[in-house]
Amino acid sequence: MPAIQTTSAQQFRLRVGAALMALAGLAFVGYAAAFLALNFSAFLELGIGPEEVDKGRAEVQAFSPRLYHYISHLHIALSGFIAATGLAIAAMSWFGVRRGERWAFAATVTVTAVSLAISVPAHYPWGLATLGHLGPVYLAVLIFLAGAATTYSGMRGPSGESS
């Protein structure tokens, strides 16, 4: 039984919205996997190249092997946090939001907003906000927002009041 009393149309919007939100969460997991794999191959992040960073793997290793390992460990740790956040978004969306659980909707939207509000702005001052780097994130966010809006409409009654 859903956490809120809903019509079949509202149930449909909850299911579709939650599925889109979960898909966005899984997209974040995919981004994290690419981020992790690139640490061991190209070293630089997805969409970041010589135009943004003038030193690559070999130059950083030659300059300071310890700095290279430090940067690599940050890539590995960050990919873990991105993947964990994506899994949390997907799980809360699929198992809570889809049932109309308001706490799950609020938590999922908050987790997504906080992670993006902290991580995205720092890309801009140093010219790291390339389309190749943040484009996949922005696509996942658009999918998430479409899902959140659809879900929200499913949580509201026919006249716009909360169910």
Side-chain angles (χ1 to χ4, degrees), residues 13-98 101-154:
R13 289 193 302 269
L14 282 172
R15 285 192 309 271
V16 170
L20 288 171
M21 292 168 71
L23 177 64
L26 295 177
F28 289 130
V29 174
Y31 186 85
F35 195 97
L36 180 64
L38 286 171
N39 175 68
F40 296 106
S41 58
F43 185 64
L44 293 176
E45 299 170 31
L46 181 67
I48 301 296
E51 300 81 27
E52 293 77 35
V53 179
D54 64 352
K55 303 289 185 247
R57 171 191 295 271
E59 292 90 355
V60 174
Q61 281 180 318
F63 170 72
S64 174
R66 294 182 83 178
L67 177 62
Y68 168 81
H69 290 296
Y70 176 73
I71 293 168
S72 178
H73 118 276
L74 288 176
H75 287 166
I76 294 166
L78 186 55
S79 67
F81 281 107
I82 295 169
T85 301
L87 286 173
I89 291 167
M92 285 189 293
S93 296
W94 192 252
F95 296 107
V97 173
R98 190 168 55 112
E101 298 284 349
R102 292 184 185 284
W103 69 266
F105 180 77
T108 305
V109 169
T110 301
V111 163
T112 305
V114 168
S115 67
L116 294 169
I118 291 172
S119 64
V120 171
H123 290 79
Y124 287 90
W126 297 285
L128 302 173
T130 68
L131 186 58
H133 185 55
L134 290 182
V137 172
Y138 290 150
L139 178 60
V141 169
L142 288 174
I143 293 168
F144 181 85
L145 289 173
T150 303
T151 298
Y152 186 73
S153 74

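Scope of the values below: all heavy atoms of this structure, side chains included, with no hydrogens, waters or symmetry mates.
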> Considering non-hydrogen atoms only, spot the tightest contact between L116 and P121 and give its length.
O-CD, 3.5 Å
> Could you check whether any side-chain heavy atom of Y138 comes within less than 4.5 Å of a side-chain heavy atom of L131, counting everything from C-beta outward?
no
> Strictly distance-based, threshold 3.5 Å: is any side-chain N or O of R57 a donor or acceptor partner for the main-chain N or O of N39?
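Yes, R57 side chain to N39 backbone: donor-acceptor pair under 3.5 Å.
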> Taking side chain as C-beta onward, heavy atoms only, is Y31 less than 4.5 Å from L139?
no
> Side-chain contact test, heavy atoms from C-beta onward, threshold under 4.5 Å: evaluate it for F144 versus V109 and give yes or no.
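They are in side-chain contact.
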> Which heavy atom in I76 sits nearest to a heavy atom in S79, and how many Å separate them?
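Looking at all heavy atoms of both residues, the closest pair is O-OG, 2.7 Å.
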> Measuring only between side-chain heavy atoms, which start at C-beta, is I82 closer than 4.5 Å to L36?
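A side-chain contact under 4.5 Å is absent here.
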> Give the minimum heavy-atom separation between A140 and A27, together with the two atoms involved.
CB-CB, 3.9 Å
> Using modelled atom types only, decide if a donor and an acceptor are shared between the side chain of T151 and the backbone of A18 within a distance under 3.5 Å.
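Yes.
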> Strictly distance-based, threshold 3.5 Å: is any side-chain N or O of S72 a donor or acceptor partner for the main-chain N or O of Y68?
no
> Before giving the answer on side-chain contact (heavy atoms from CB on, under 4.5 Å), spell out for L134 and Y124 the whole-Å C-alpha distance, their side-chain angles and the decisive distance to 0.1 Å.
CA-CA 10 Å; L134 290 182; Y124 287 90; 4.3 Å; yes
> Indicate yes or no for a side-chain donor-acceptor contact from H73 to the backbone of Y70 under 3.5 Å, with no hydrogens or angles considered.
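A pair under 3.5 Å: yes.
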> Once rounded to the nearest 0.5 Å, what's the spacing between atom CD1 of I48 and atom NE2 of H123?
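Here the interatomic distance stands at 6.5 Å.
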> Working to the nearest 0.5 angstrom, can you tell me the gap between S119 OG and L78 CG?
8.0 Å
> Check M21 against V97 and note the closest heavy-atom contact, atom names and distance.
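Where M21 meets V97 most closely, the heavy atoms are SD-CG1, 4.0 Å.
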> Test side-chain contact (heavy atoms from CB on, under 4.5 Å) on F28 and V141 and set out the steps.
CA-CA 9 Å; F28 289 130; V141 169; 4.2 Å; yes
> Which heavy atom of A22 sits nearest to which heavy atom of A90, and what is that distance?
O-CB, 3.6 Å
> Between F43 and H75, is the ring centroid distance below 6.0 Å?
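Centroid separation for F43 and H75: below 6.0 Å.
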> For M92, is there any backbone N or O sitting under 3.5 Å from a side-chain donor or acceptor partner on T108?
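Checking the backbone N and O of M92 against the side chain of T108, no donor-acceptor pair under 3.5 Å is found.
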> Looking at every heavy atom in both L46 and G132, which two are closest together, and how far apart are they?
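Looking at all heavy atoms of both residues, the shortest contact is CG-O, 3.5 Å.
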